[in-house]
Amino acid sequence: MDSTATTATPFSTLIRTASHEQHTEAESSTFMSDMLGGRLGVEAYTRYTEQLWFVYRALEDGAGALREHPVAGPFVQPELMRTAELERDLAHLRGAGWREGLEPLPATAAYAGRVAECAREWPAGYVAHHYTRYLGDLSGGQIIRGTAEKTWGFERKGDGVRFYVFEQISNPAAFKREYRELLDAVDADDLEKQRIVDECKRAFALNTAVFRELGEVFPLSA
Ligand code: HEM
C-alpha cells in the first residue's frame, strides 16, 4: 500500500482490512471450530480460559503505566479490564485452588511475553494487542459465550463465561464505534501506523499459535 492510501484511509479501517485474512485464519482454526461446534469437553474450554488469563494479565498489568501515554493512554479503560472476570471463571472451572499448578502453554508464554514487551518498550505496539483482543471480545467473543453456555451448561452470563460479559458496557456497538474513533485519532506517522498494523497481524498469529497448541492437547478422537 502506498503512503497516499495510508493517509487517506482511516486507521480503524486500515487495521481491520489488513488483519482480515489473519482473522479468518484464527476463526477457522481446528481448535476454535471444534470448540464452537460443541465437539470438545469442558476441559478444553477450561484450558483455553487458562491461556486467556496469562494473556490478560500481561495486557492489564502493563496498562497502568500507560495511562498517561499519548498514544496508548486513551485505550486504557477500566470497563474493559478482564482479569477479575477470568479469575472468577477459573475459580468456577478449576475450583478455589485454581491458581495452583497453572502453567501457560509455550505459545501462550510467547504471546504474553510479547504483550508485556510492547507495554514496556513500545506503547504504540501495545495498542495493536489491545485492539486485537478487546475489540474481538466485544464482537466474536459474544458468539463464543453463547456456545459455551449451551454446550457446557453455564448460567447465562454467569460463572464460567463472565470473561465475555462487559457489565459496564451497556451498548457494545456504540463502544466499538468510539473505539474506532480512538484508533482514527492515533497520533503516529504512516510508517508507525504500518508498524502497528504489522504488530496486529503478529498478535493474530500469536493467537493462532495458541489455538494450534490447544488443538494438539485436545485432538478429536473421532
Ligand atoms: C470463532 C471465533 C471468532 C468469531 C466467530 C469471530 C467473529 C467476529 C465477528 C462477527 C466480528 C465482526 C463484529 C463487528 O463488525 O462488529 C469480529 C470482529 C473482530 N474479531 Fe473476531 N471472531 C472470532 C475470533 C477472533 C479471534 C481469535 C480474534 C483475535 C484474537 C478476533 C479478533 C477480532 C477483532 C479485533 C475484531 C474487530 C474488527 C474490527 O471491526 O476492527 N476474533 N469477530
Side-chain angles (χ1 to χ4, degrees), residues 1-27 52 54-83 85-86 110-142 163-164 166-210:
M1 180 175 294
D2 67 41
S3 58
T4 327
T6 310
T7 305
T9 313
F11 187 51
S12 61
T13 308
L14 193 67
I15 197 165
R16 185 182 65 231
T17 312
S19 58
H20 182 77
E21 207 178 307
Q22 280 79 11
H23 184 276
T24 307
E25 198 185 336
E27 199 181 354
L52 291 176
F54 289 103
V55 173
Y56 282 80
R57 281 284 308 275
L59 276 168
E60 295 174 6
D61 284 357
L66 295 174
R67 209 165 279 139
E68 304 299 326
H69 189 274
V71 174
F75 291 90
V76 177
Q77 303 173 67
E79 59 269 49
L80 289 173
M81 299 292 140
R82 299 288 88 201
T83 303
E85 281 75 6
L86 281 166
Y111 183 7
R114 179 59 185 162
V115 172
E117 183 177 54
C118 285
R120 270 194 322 270
E121 291 166 17
W122 182 36
Y126 172 86
V127 170
H129 289 282
H130 194 279
Y131 162 79
T132 305
R133 284 303 335 175
Y134 295 108
L135 219 57
D137 299 332
L138 285 163
S139 311
Q142 301 313 305
F163 168 72
Y164 302 95
F166 291 83
E167 294 277 7
Q168 295 172 62
I169 299 177
S170 53
N171 185 343
F175 188 92
K176 281 196 279 188
R177 251 192 326 271
E178 284 162 24
Y179 192 101
R180 290 192 183 105
E181 284 167 14
L182 288 182
L183 286 172
D184 293 342
V186 160
D187 187 16
D189 63 20
D190 286 348
L191 184 60
E192 182 72 343
K193 283 184 180 167
Q194 193 50 54
R195 286 197 196 103
I196 300 173
V197 166
D198 289 343
E199 187 66 25
C200 175
K201 293 185 186 174
R202 186 168 173 180
F204 271 99
L206 287 163
N207 277 279
T208 303
V210 172

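If you read the sequence from its start, that first residue is 1, and numbering goes on from there.
Expressed to the nearest 0.5 Å, how far NZ of K176 lies from CG of L135 amounts to 6.0 Å. Taking CE of M81 as the reference point, atom CG of L86 lies at 12.5 Å (rounded to 0.5 Å). Between the CG atom in L138 and the CZ atom in F166 there is a gap of 4.5 Å [rounded to 0.5 Å]. Considering NE2 of H69 and CZ of R67, their distance stands at 14.5 Å, rounded to 0.5 Å. One distance of note links CG of N171 with CD of E178; it measures 8.5 Å at 0.5 Å rounding. In this structure, CZ in R82 is found 7.0 Å from CZ in F163, a value given to the nearest 0.5 Å.
Remark: side-chain polar atoms of R180 are not paired, donor with acceptor, to backbone N or O of S12 under 3.5 angstrom. Remark: side-chain polar atoms of Y134 are not paired, donor with acceptor, to backbone N or O of F75 under 3.5 angstrom.
Checking D137 against Y164 by side-chain atom types alone, no donor-acceptor pair falls below 3.5 Å. A side-chain donor from one of T83 and E60 sits under 3.5 Å from a side-chain acceptor of the other. In this model, a donor atom of one side chain and an acceptor atom of the other lie less than 3.5 Å apart for R133 and Y56.
F11 and D184 get closest at one heavy-atom pair: N-OD1, 3.2 Å. Across every non-hydrogen atom of I169 and E79, the tightest pair is CG1-CG, 3.8 Å. A58 and A112 get closest at one heavy-atom pair: CB-O, 3.5 Å. Here the shortest heavy-atom pairing between A18 and V197 reads CB-CG1, 3.4 Å. Across L14 and T9, no two heavy atoms sit closer than the pair N-CG2, 4.0 Å. Scanning all heavy atoms of the two residues, the minimum distance from V71 to D187 falls at CG2-O, 3.8 Å.
You'll find the side chain of L206 stays beyond 4.5 Å of the side chain of V115, heavy atoms only. Proximity of F204 to E25: side-chain heavy atoms (C-beta onward) are nowhere separated by under 4.5 Å. The shortest side-chain heavy-atom distance between W122 and E199 falls under the 4.5 Å cut-off. Counting only heavy atoms from C-beta outward, the side chains of C200 and Y131 approach each other to under 4.5 Å. Looking at P123 and L66, their side chains come closer than 4.5 Å, going by heavy atoms from C-beta outward.
The pair E21-K201 does not meet the salt-bridge criterion, since no charged nitrogen lies less than 4.0 angstrom from a carboxylate oxygen. Using a cut-off of 4.0 Å between Lys/Arg side-chain N and Asp/Glu carboxylate O, E192 and R195 are scored as salt-bridged. Taking a cutoff of 4.0 Å between a charged side-chain nitrogen and a carboxylate oxygen, R202 and D198 do not qualify as a salt bridge.
Take T24 and apply the side-chain hydrogen bond (donor to acceptor under 3.5 Å, both in side chains) test, not counting sequence neighbours, and it matches no residue.
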Please determine whether salt bridge (charged side-chain N to carboxylate O under 4.0 Å, His left out) holds for the pair R120 and E117, giving the CA-CA distance in whole Å, both sets of side-chain angles, and the decisive distance to 0.1 Å. CA-CA 5 Å; R120 270 194 322 270; E117 183 177 54; 5.1 Å; no
List the steps, then state whether side chain to side chain contact (heavy atoms under 4.5 Å, CB included) holds for T13 with R16. CA-CA 5 Å; T13 308; R16 185 182 65 231; 4.2 Å; yes
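Atom CD of E68 has 12 or fewer heavy atoms from other residues, nucleotides or ligands within 6.0 Å.
A ring-centre distance under 6.0 Å is found for H130 and Y179.
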